[in-house]
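Heads up: the structure comes next, in structure tokens.
We count residues from 1, following the sequence as given.
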Amino acid sequence: MIIALIVLILSFLLDGIISNFLFISSTNFMLFGTIYILVSLVILCPYFYNAKKFFIFTSIFGLLFDIAYTNTFVLNLVVFILLGIVIRFFHSFLANSLFSNIFISLIAVMLYYLFTFFFLFISNYNGGLLFSLGKILYSNISSFCDWNSSSKIIWL
């Protein structure tokens, strides 16, 4: 459990380092612009035998993500809890393998942006446009897989 906490803290700090030191704008989405805390939650989910502890860690890091990085109070808390449910659901019937972790991470990151956009749209926050959401989702898909000239997907 201590190792899981250390990994979650390091990935939480990595989110801050990447967002502060690498330039990401609305026109320049990059390969390293993903949410590392979600990827670490996907990888660590099978090692939490108690679902309650997993959701406690998910809630804590969602609240910390709200306070530290997005300056919202409960938005990421709710989104992280919803994503924790999705992650546990996919891990309940998929084997713990590299392919399934990549697949679940891709789904979790895409759902993070979709849920966040949906909740901000409902609250009449006009900071994000649908076109920007599409560019973010495309950037995240391209960060998980490599597209070659014959349009086949080569998974990392």
Next on the checklist: So which atom in L38 and which in A108 form the shortest heavy-atom distance, rounded to 0.1 Å?
Outcome noted: CD1-O, 3.9 Å
Checklist entry - Between the main-chain N or O of G16 and the side-chain N or O of Y69, is there a donor-acceptor pair closer than 3.5 Å? => result yes
Checklist outcome for this item: Here the gap from L5 atom CG to F12 atom CZ, rounded to the nearest 0.5 Å, amounts to 12.0 Å
Next on the checklist: When you compare the side chain of L83 with that of T58, does any pair of heavy atoms fall below 4.5 Å?
Outcome noted: no
Item to check | Working for side chain to side chain contact (heavy atoms under 4.5 Å, CB included), residues S59 and L77 | outcome: CA-CA 6 Å; S59 301; L77 175 66; 3.8 Å; yes
Item to check | Heavy-atom pair of closest approach, residues A4 and F48 | outcome: CB-CZ, 4.1 Å
Checklist entry - For the side chain of S100 and the backbone of A95, is there at least one donor-acceptor N/O pair under 3.5 Å apart? => result yes
Next on the checklist: Nearest 0.5 Å, please: how far is CD1 in I43 from CG in N96?
Outcome noted: 9.0 Å
Next on the checklist: Is it the case that the side chain of S92 and the backbone of F89 share a donor-acceptor pair, with hydrogens and angles ignored and the cut-off at 3.5 Å?
Outcome noted: yes
Next on the checklist: If hydrophobic clusters are built from ILVMFWY residues whose side chains come within less than 4.5 Å, do V86 and F93 share one?
Outcome noted: yes
Next on the checklist: Measuring from atom CD1 of I37 to atom CD1 of I9, what distance do you get when rounded to the nearest 0.5 angstrom?
Outcome noted: 9.0 Å
Checklist entry - CZ of F117 to CD1 of I122: how many Å apart, nearest 0.5 Å? => result 10.5 Å
Next on the checklist: Give me the atom names and distance for the closest heavy-atom approach of N101 to H91.
Outcome noted: OD1-CE1, 3.3 Å
Checklist entry - Does atom CZ of F73 have more than 12 heavy-atom neighbours from other groups under 6.0 Å away? => result no
Checklist entry - To the nearest 0.5 Å, what is the distance between CG (L111) and CG (L82)? => result 9.5 Å
Item to check | Considering all heavy atoms, the nearest F55-R88 contact | outcome: CZ-CG, 3.8 Å
Item to check | Derivation and outcome, side chain to side chain contact (heavy atoms under 4.5 Å, CB included), residues L14 and L10 | outcome: CA-CA 6 Å; L14 186 63; L10 288 176; over 6 Å; no
Checklist entry - Do you know which two heavy atoms are closest between L75 and D66, and how far apart they sit? => result N-OD2, 3.5 Å
Item to check | Derivation of the side chain to side chain contact (heavy atoms under 4.5 Å, CB included) call for Y47 and I3 | outcome: CA-CA 11 Å; Y47 302 108; I3 295 174; over 6 Å; no
Item to check | Verdict with reasoning, L44 to L8, per side chain to side chain contact (heavy atoms under 4.5 Å, CB included) | outcome: CA-CA 9 Å; L44 293 173; L8 288 171; 3.8 Å; yes
Checklist entry - Is the side chain of D15 donor-acceptor paired with the backbone N or O of I35 at a distance under 3.5 Å, no angle test? => result no
Checklist outcome for this item: To the nearest 0.5 Å, atom CZ of F61 lies from atom CZ of F80 at 10.0 Å
